[in-house]
Amino acid sequence: MTTASTAGQASGPATPPAPLVRALNVHKAFHGTEVLKGIDLDVARGEVVCLLGPSGSGKTTFLRCINLLERIDGGRIWVDGELMGYAEKGGHLYELPDKKLAAQRREIGMVFQRFNLFPHLTAVANIMEAPVLVRGLDKATARARAMQLLEQVGLADRADAYPGQLSGGQQQRVAIARALAMDPKLMLFDEPTSALDPELVGDVLAVMRELARDGMTMIVVTHEMGFAREVADRVVFMDGGVVVEQGPPKEVIGNPQHERTRTFLARMRDDPATDGDQALSL
C-alpha cells in the first residue's frame, strides 16, 4: 500500500510556482497604430523587472494595460492567477463591469512620472484617502498606517505639509506611500524619477531599493541604468512594441546580444541626462 508521503516522494520535482504576472501575446493599438505587437512576459513573485527602451517602444502602455488603465486589443494578462479586465466563458472574452475592474485595480499600486497628489490635502491625508474611501478603513487606523508609511519613505516630519510645500522628490515619495497604503500585491513604476531634478532622484530610488529588499514585486519603466543594474533581477529591453531581449542586468546591459539594444545603450551612455558610462559599465 502506498502512503501519501511515499507517493509525494515519487512524484518528481515540485511544480514551480505560478508567476504573479503573466502577459501572453498582448496587443494594443491607438487610432490604427499598433503600439504593443504581441508582448509575452512573466514576472515571478518578489521579482524586480526593469523595462528599458526608447521613447515610444510601448513600455508605459504595457504598464497601463496591466493596471487596466488601457484595454488590450488582443492576448491575455493575468495577475495572481486572475484574468485582468475580462471574464472568459466558452472561449469568448467578456468585458468586466466597472465595479469589478476597480476591484482588480485596487490590488496593483502604480506610481507615475507626475505625482498626481491632491493639492488641497496634506501628505498624510493624501495617503489616507483611498484606504478610507475605497477600503472603508476607519480614519484613525488609516492615519496610523499613513504615518507608518511616511516614516518608511523618510517623510514623517512632513505629514502635515501640502504638496505645494514639498519638493518634487518628496512628492514622489508621498505618491509611493499612497500606492503602498492599499497593500498592493504588485507595484508598477512609470519613470518615477524622470520629472525630478537630478539631486532629488537618489531619495526616491532609495525608497524603491528598500521595497525591493522587502520582497515587493515590481515592474519599473526607467532610464536609470545604475538602478536597473543594482536592483533588477531581470532587465527587459523593448523597442517597436516587442520584447527584443531580456535577462539578468549583467548580461543585457553589459553584453547585449541584439543590435537594437546595443544602439540604445550607446545612446544612453552618451546622454548627459542619464547615469553615463559609470552606470553602464559592469
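All heavy atoms count here, side chains included; hydrogens, waters and symmetry mates do not.
- Within the model, atoms CZ of Phe115 and CD of Gln170 stand 10.5 Å from one another, a figure rounded to the nearest 0.5 Å.
- Distance alone, capped at 3.5 Å, is enough to place a donor-acceptor pair between the Lys59 side chain and the Pro54 backbone.
- For the atom pair CG of Asn67 and CD of Glu70, the computed distance is 10.5 Å after rounding to the nearest 0.5 Å.
- Nearest heavy atoms, Ala23 versus Asp42: N-OD1, 4.2 Å.
- How far CD of Glu107 is from CE of Met84: 8.5 Å, rounded to the nearest 0.5 Å.
- No side-chain heavy atom of Ile108 sits less than 4.5 Å from a side-chain heavy atom of Pro184.
- Between atom CG of residue Leu51 and atom CG of residue Leu41 there is a gap of 7.0 Å, rounded to the nearest 0.5 Å.
- Between Gly169 and Leu200, the closest heavy-atom pair is N-CD1, 3.7 Å.
- Heavy atoms from other residues, nucleotides or ligands lying under 6.0 Å from CZ of Arg260 number more than 12.
- Here the straight-line distance linking atom CZ of Arg106 with atom NZ of Lys185 works out to 11.5 Å at 0.5 Å rounding.
- Side chains of Leu24 and Trp78 form a contact here, defined as non-hydrogen atoms less than 4.5 Å apart.
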> Which is it for Val124 and Arg143 under the side-chain contact (heavy atoms from CB on, under 4.5 Å) test, yes or no, and what are the steps along the way?
Replying inline: CA-CA 7 Å; Val124 69; Arg143 183 177 176 86; 3.3 Å; yes
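- Closest approach of Ala175 to Val111, counting heavy atoms only: O-CG2, 4.3 Å.
- Arg234 places no side-chain N or O within 3.5 Å of a backbone atom of Val49 that could act as its donor or acceptor partner.
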>> Please determine whether side-chain contact (heavy atoms from CB on, under 4.5 Å) holds for the pair Phe112 and Arg64, giving the CA-CA distance in whole Å, both sets of side-chain angles, and the decisive distance to 0.1 Å.
In response: CA-CA 10 Å; Phe112 301 87; Arg64 291 175 63 86; 4.2 Å; yes
>> Go through it in stages, so that I can follow the logic: the residues are Leu149 and Gln152, the test is side-chain contact (heavy atoms from CB on, under 4.5 Å), and I'd like the CA-CA distance, side-chain angles, deciding distance and then a yes or no.
In response: CA-CA 5 Å; Leu149 289 167; Gln152 183 177 335; 3.6 Å; yes
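- Side chain of Gln172 to main chain of Pro192: a donor-acceptor pair is present (N/O by atom type, distance under 3.5 Å, no hydrogens or angles).
- Inter-residue side-chain proximity for Leu63 and Glu191 is flagged as unmet; no heavy-atom pair is nearer than 4.5 Å.
- In this structure, Asp73 contributes its side chain and Ala29 its backbone to a donor-acceptor pair below 3.5 Å.
- If you chain together hydrophobic residues whose side chains sit under 4.5 Å apart, Val79 and Phe62 fall into the same group.
- Residues Ile176 and Phe189 meet the side-chain proximity criterion, which asks for heavy atoms closer than 4.5 Å.
- Taking both residues in full, the closest heavy atoms of Ala179 and Gly109 are given as CB-CA, 4.2 Å, listed atom of the first, atom of the second, then distance.
- Proximity of a side-chain donor or acceptor of Arg229 to a complementary backbone N or O of Lys250 within less than 3.5 Å is not detected.
- Judged by distance alone, with hydrogens and angles left aside, the side-chain atoms of Glu34 form no donor-acceptor pair with the main-chain N or O of His27 at under 3.5 Å.
- A 4.5 Å side-chain heavy-atom check between Asn25 and Asp40 finds at least one atom pair inside the cut-off.
- Residues Leu101 and Arg71 form a side-chain contact, since some pair of their non-hydrogen atoms from C-beta on lies under 4.5 Å apart.
- Atoms CG and OG1, from Leu52 and Thr222 in turn, are 7.5 Å apart once rounded to the nearest 0.5 Å.
- Remark: side-chain polar atoms of Gln257 are not paired, donor with acceptor, to backbone N or O of Glu245 under 3.5 angstrom.
- The side chain to side chain donor-acceptor pair (under 3.5 Å) test applied to Arg45 returns Asp80, not counting sequence neighbours.
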> When you look at Val231 and Met208, which way does the side-chain contact (heavy atoms from CB on, under 4.5 Å) test go after all the steps?
Replying inline: CA-CA 9 Å; Val231 178; Met208 295 172 65; over 6 Å; no
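- In this structure, the side chain of Gln113 does not engage the main chain of Ala195 through any donor-acceptor pair within 3.5 Å.
- In terms of heavy-atom proximity, Ala142 sits nearest to Val132 at CB-CG2, 3.6 Å.
- With hydrogens and angles disregarded, a donor-acceptor distance shorter than 3.5 Å links the side chain of Arg173 to the backbone of Val153.
- Considering only heavy atoms from C-beta on, Val43 stays 4.5 Å or farther from Leu20 through its side chain.
- In this structure, Pro163 and Pro119 approach most closely via the heavy-atom pair CD-O, 3.7 Å.
- Between Asp183 and Arg145, at least one side-chain nitrogen of the basic residue sits less than 4.0 Å from a carboxylate oxygen of the acidic one, meeting the salt-bridge criterion.
- Within the 4.5 Å cutoff, no side-chain heavy atoms of Arg105 are placed close to those of Val134.
- Proximity of a side-chain donor or acceptor of Asn126 to a complementary backbone N or O of Phe118 within less than 3.5 Å is detected.
- Salt-bridge formation is detected for the pair Glu82/Lys100: a Lys NZ or Arg NE/NH1/NH2 atom is positioned less than 4.0 Å from an Asp or Glu carboxylate oxygen.
- Val221 and Val252 are members of different hydrophobic clusters when ILVMFWY side chains are connected at heavy-atom separations under 4.5 Å.
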